[in-house]
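Here's the structure we're looking at; comments come further down.
First the proteins, then the strands, lettered A, B, ... as listed; each starts at 1.
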Amino acid sequence: MEQGVIPVESLSGGFDLQSTIESGQSYLWHREDGTTYETDRAYGDDGWYWTTFRPADRTDPAVVRVRQLDGRLEWESGVDAEAHLRQRLRLDDDLDAILDATPDDRLLADAYETYRGMRLVRDPPFGTLVSFICSAQMRVARIHGMQAALRRTYGQEVTFKGNSYRAYPTPEALAGATEAELRELGLGYRAPYVQRSAELVATGDRDPVDATGRPYEAAREFLTGFVGVGQKVADCILLFSLGYLEAVPLDTWIRSTIEEYYPECDRGNYDETSRAIRAAFGGEYAGYAQTYVFHYLRNGDD
DNA sequence: TATCCAAGGTAAGTT
DNA sequence: AACTTACCTTGGATA
């Protein structure tokens with residue numbers, strides 16, 4: 001077994017593991033005790049989270065577990081996972097600099113203050129694609145539960161420290177699923193969207209990674225070529241997986257935030273409203289502002 | 001106990 | 001191009 005410790009004080013702006021993982025940006029981590037996100041807000045004080053990833057030099061997926069305890073980020077894995085974690089949890093983002101670059105704004109300041117240390121994630125593209133296809137008209141806990149069900153049903157088994165885990169399903173595995181099977185897992189009308197989009201990836205017709213490198217709005221447009229992916233879900237994939245930190249998904253929470261705090265940004269359509277709110281959120285790191293505001297307001301301003 | 005409602009929207013059909 | 005409507009399921013609110 002490999003393991004390591006990353007001192008939180010070595011990270012600019014600190015780190016908050018539970019907020020980062022359970023703030024609705026990632027559905028690909030799981031609590032070691034099997035409970036879903038938000039069943040106990042204090043879980044992150046010392047609880048382990050696990051996920052799987054595919055190391056570049058291996059064919060089989062690897063498990064990695066992390067927890068935050070006494071200012072230390074501890075990890076365990078079957079492989080050396082530190083580089084992966086730094087990328088996956090964006091540990092090298094200069095949060096202090098990002099905060100400094102954020103517009104002087106009461107709402108943003110309160111949100112950043114309340115959840116200091118929360119970072120964006122950089123999740124694997126396919127899992128992010130599927131997660132956010134599943135997110136349509138769903139609650140955070142259920143979206144998370146759907147991903148757990150997909151792992152259990154279609155994921156490759158991985159053993160770590162004597163325990164059995166399931167890797168996130170491959171595109172091939174979900175492409176081979178039937179709509180009826182996916183409905184059995186509770187995906188509802190999202191079931192055919194997931195199957196068809198997985199098929200696009202599995203056959204090579206379209207890969208979410210190929211959005212990378214395009215200008216932001218062109219990348220968003222590219223992603224809407226998947227089934228079940230509109231502009232909002234495309235923005236989530238860009239922000240939470242592909243590193244487009246200026247992306248601001250216009251979900252119900254941000255729309256009501258715009259109505260209450262930034263009414264002049266409501267331009268009546270997605271494209272123009274997106275441009276306006278991204279400008280209000282400071283442009284380059286607008287997605288960071290979005291994620292803090294989303295988490296802050298969804299938890300009731302506390 | 002029964003009914004209603006909204007949940008991090010998208011696709012398809014209509015004007 | 002802008003505007004409706006249907007869509008699965010379920011936990012929590014309301015009656």
Exercise. For Ile143(A) and dT10(B), what is the distance between atoms CD1 and P respectively, to the nearest whole Å?
Worked result: 12 Å
Exercise. Counting side-chain heavy atoms from C-beta on, which of dG8(B), dT10(C), dT10(B) comes nearest to Asp251(A)?
Worked result: dG8(B)
For this session: Would you mind telling me which residue lines up with the more 5' stretch of DNA chain B, Phe226(A) or Pro249(A), judged by nearest nucleotide?
Result: Pro249(A)
For this session: For Glu179(A) and dC8(C), give me the distance from atom CD to atom C1', rounded to whole Å.
Result: 10 Å
For this session: Between dT10(C) and dA11(B), how far apart are the P atoms? Round to whole Å, please.
Result: 23 Å
Exercise. Does CG in Asp104(A) sit with more than 12 non-hydrogen atoms of other residues, nucleotides or ligands closer than 6.0 Å?
Worked result: no
For this session: Name the residue closer to the 5' end of DNA chain C, choosing between Gln137(A) and Gly268(A) according to the nucleotide with the nearest heavy atom.
Result: Gly268(A)
For this session: Nearest 0.5 Å please: distance from the CG atom of Asp123(A) over to the OG1 atom of Thr51(A).
Result: 7.0 Å
Exercise. Using the ring of each side chain (for Trp, its six-membered ring), is Tyr115(A) parallel, tilted or perpendicular to Tyr296(A), with breaks at 30° and 60°?
Worked result: perpendicular
For this session: Measure distances between side-chain N and O atoms of Tyr270(A) and base N and O atoms of dG9(B), and say whether any donor-acceptor pair falls under 3.5 Å.
Result: no
For this session: With the side chain of Tyr189(A) defined as its heavy atoms from C-beta on, choose the nearest nucleotide among dT10(C), dG8(B), dC8(C).
Result: dC8(C)
Seminar exercise, completed: Rounded to whole Å, the CE-P distance (Met138(A) to dT10(C)) equals 8 Å
Problem set entry | Phosphate OP1/OP2 of dT10(C) contacted by Arg142(A) side-chain N/O (<4.0 Å) | no
Exercise. Quantified in whole Å, what is the P atom distance between nucleotide dA13(C) and nucleotide dG8(B)?
Worked result: 14 Å
Exercise. To the nearest Å, how far apart are Glu221(A) CD and dT10(B) C1'?
Worked result: 14 Å
Problem set entry | Pair of N/O donor and acceptor under 3.5 Å linking dG9(B) base with Tyr193(A) side chain | no
Exercise. How many Å lie between CZ on Arg139(A) and C1' on dG11(C), as a whole number?
Worked result: 6 Å
Exercise. Rounding to a whole Å, what distance do you find between Arg190(A):CZ and dC7(C):C1'?
Worked result: 8 Å
Problem set entry | Between P of dA7(B) and OH of Tyr37(A), the distance in whole Å | 21 Å
For this session: Round to a whole Å and report the spacing from CD of Gln231(A) to C1' of dA11(B).
Result: 14 Å
Exercise. Phe294(A) on top of dG8(B)'s base, within under 5.5 Å and under 30°?
Worked result: yes
Exercise. Between Tyr112(A) and Tyr292(A), how do the two ring planes meet: parallel, tilted or perpendicular, split at 30° and 60°?
Worked result: parallel
Exercise. If you measure from the Lys or Arg side-chain nitrogens to the Asp or Glu carboxylate oxygens, is any gap between Arg196(A) and Glu199(A) under 4.0 Å?
Worked result: no
